Protein chains: 2
Amino acid sequence: MKRDEQATAKKREIVQHAFDNFYDGGFHATGVDTVMADSGISKRTLYKYFPSKEDLIDAVLDHYGEQIEKTLFETVLRSCSDPREQILKCFDLRRQILQDSPLRGCLGLKAAQEFAGRHEALATHGKHIAFVVDDWFVDACQRGRFAQPEVLGKQIATLFQGAVLLSQVYGDTSPFDPARQAAGTLMNEAATLVAEA
Amino acid sequence: MKRDEQATAKKREIVQHAFDNFYDGGFHATGVDTVMADSGISKRTLYKYFPSKEDLIDAVLDHYGEQIEKTLFETVLRSCSDPREQILKCFDLRRQILQDSPLRGCLGLKAAQEFAGRHEALATHGKHIAFVVDDWFVDACQRGRFAQPEVLGKQIATLFQGAVLLSQVYGDTSPFDPARQAAGTLMNEAATLVAEA
DNA sequence: GCTTGGGTATACAGATCAGTTTACACTGTC
DNA sequence: GACAGTGTAAACTGATCTGTATACCCAAGC
């Protein structure tokens with residue numbers, strides 16, 4: 001393996017471990033030593049790739065954002081073309097991703113919570129992911145030609161984020177059942193309104 | 001003022017300040033020194049009333065739980081008798097409580113997030129408040145004789161908690177608008193199902 | 001008026017954590 | 001085979017945080 005390939009591979013590996021460590025233990029409460037021990041790398045190497053803990057957290061949030069955008073939304077867009085089905089599939093796929101570790105919630109919101117008023121750059125980075133989710137559902141509702149797509153999109157996004165959150169509280173993904181069903185009901189209602197008009 | 005009265009008053013005062021400090025800054029990231037400085041008390045006094053930071057956090061969570069149960073739910077129950085109106089009023093009142101500081105989210109969920117896998121007692125205490133919210137909405141839906149009250153109650157609770165959460169992200173309480181509206185739509189639908197049966 | 005409980009101020013111990021530095025080992029390239 | 005780049009291991013600095021201990025102050029109650 002070439003030097004630069006090795007470097008990016010190592011970097012990815014560190015981010016992957018840090019991702020799990022921060023996700024499970026929180027950003028403040030998890031020390032860089034934990035990440036080091038878990039990744040099996042020395043402190044010097046860690047600080048070579050990531051000049052500060054802040055940089056590492058930033059990379060972890062990027063990784064999470066990509067997971068949401070690529071693994072969730074892009075997969076859903078490829079799987080079917082009907083916006084209504086896409087929205088419901090979003091609930092199913094998010095639930096599946098969360099299945100193995102339902103206690104973790106949303107890392108973006110976790111960052112937004114922990115860094116609010118303390119480190120605005122990282123808080124904003126975390127919030128950005130929540131905005132992406134909101135926007136995606138609004139966009140899907142517009143493509144589906146529902147009545148009041150902005151309102152409906154935000155309603156579904158609220159159900160979606162609420163289900164992720166409550167999965168953390170309940171320790172399982174059962175909150176996705178009523179949330180997904182509610183999304184369906186709201187879409188039916190919005191479709192009826194359009195048909196009547 | 002008698003000694004014991006003074007003592008409980010002082011304790012309440014400390015809890016009130018600690019409540020704001022932890023709410024704004026997080027439990028891990030906020031030191032007892034911050035609480036001391038903000039309350040204007042010495043470290044010795046703090047540790048006389050609360051033998052450890054854990055005890056202080058526990059008292060703060062109790063305070064928050066009481067605020068939710070008394071200031072929110074009991075007030076709503078007194079204000080009107082129709083369960084449907086009570087549920088909608090819940091959204092309005094929660095929004096009003098959050099109005100001055102919409103960035104804070106739910107303290108119970110904050111505790112559940114921060115202490116998950118690190119301090120189970122406090123994590124459970126935080127989660128308990130979320131369960132209370134869930135149960136209250138399910139109970140209200142049962143009193144309202146809606147179809148599938150358990151499902152509807154959990155759907156409304158998901159919207160409610162999601163709105164609190166997204167208010168934090170958006171920095172204002174605007175997410176309550178679509179969430180409240182969605183709760184109304186879902187209740188209409190459930191009432192129609194009952195009427196048809 | 002003296003004691004006693006409650007208070008402040010502050011220094012301190014012990015732990016933890018971010019980040020730096022030093023010393024040393026391995027490996028691909030010329 | 002020398003060398004530069006990359007890695008580990010580990011000691012160390014300085015800051016921060018929880019919790020304790022010491023010394024002193026004030027006001028209520030007998």
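Each chain gets a letter, A, B and so on, in the order its sequence line appears, and its residues count up from 1. Note that this is a predicted model, so its numbers are computed, not measured.
Between A:Tyr47 and D:dT8 there is no side-chain polar atom (N or O) within less than 4.0 angstrom of OP1 or OP2.
We find that CG of B:Leu56 is positioned 15 Å from P of D:dC17, with the value rounded to whole Å. Nucleotide D:dA10 holds its P atom 13 Å from the NZ atom of A:Lys43, rounded to whole Å. In this structure, the CG atom of B:Asp33 is 6 Å from the P atom of D:dT18, given to the nearest Å. When the C1' atom of C:dG6 is taken as reference, atom NZ of B:Lys11 falls 15 Å away, rounded to whole Å. Remark: P of C:dT16 and CE of A:Met36 are 15 Å apart, rounded to the nearest angstrom. If you measure from atom CZ of A:Arg118 to atom C1' of D:dC17, you get 13 Å, rounded to the nearest angstrom. Atom-to-atom, CG of B:Leu46 to P of C:dT10 comes out at 17 Å; the value is rounded to the nearest Å. Rounded to whole Å, the distance from NZ on B:Lys48 to C1' on D:dG19 is 16 Å.
With a 6.0 Å radius and a threshold of 12 heavy atoms from other residues, nucleotides or ligands, A:Arg145 has its CZ atom at or below the threshold. Other residues, nucleotides and ligands contribute at most 12 non-hydrogen atoms within 6.0 Å of the CD atom of A:Gln96.
Remark: A:Lys11 qualifies as a cation-pi partner of A:Phe50 under the 6.0 Å distance and 45° angle criteria applied to the six-membered ring.
Distances from the side chain of B:Lys10 to the nucleotides C:dG7, D:dC17, C:dC17 place C:dG7 closest.
Each of A:Thr45 and B:Val32 has a nearest nucleotide on DNA chain D; the 5'-most of these lies closest to A:Thr45. Map A:Ser52 and B:Ile41 each onto its nearest nucleotide of DNA chain C; the residue landing nearer the 5' end is B:Ile41.
Below the 3.5 angstrom threshold, one finds no donor paired with an acceptor across the side chain of A:Lys53 and the base of C:dG19. No donor-acceptor contact under 3.5 Å links the side chain of B:Arg44 to the base of C:dT10.
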Q: Tell me, with the steps shown, if B:Asp134 and A:Tyr170 meet side chain to side chain donor-acceptor pair (under 3.5 Å).
A: CA-CA 11 Å; B:Asp134 259 41; A:Tyr170 279 89; 2.4 Å; yes
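Using cut-offs of 30° and 60° on the angle between ring planes, the pair B:Phe160 and B:Phe91 is perpendicular.
Within the nucleic acid shown, B:Thr30 comes within 4.0 Å of sugar-phosphate atoms alone, with no base atom in reach, counting heavy atoms only.
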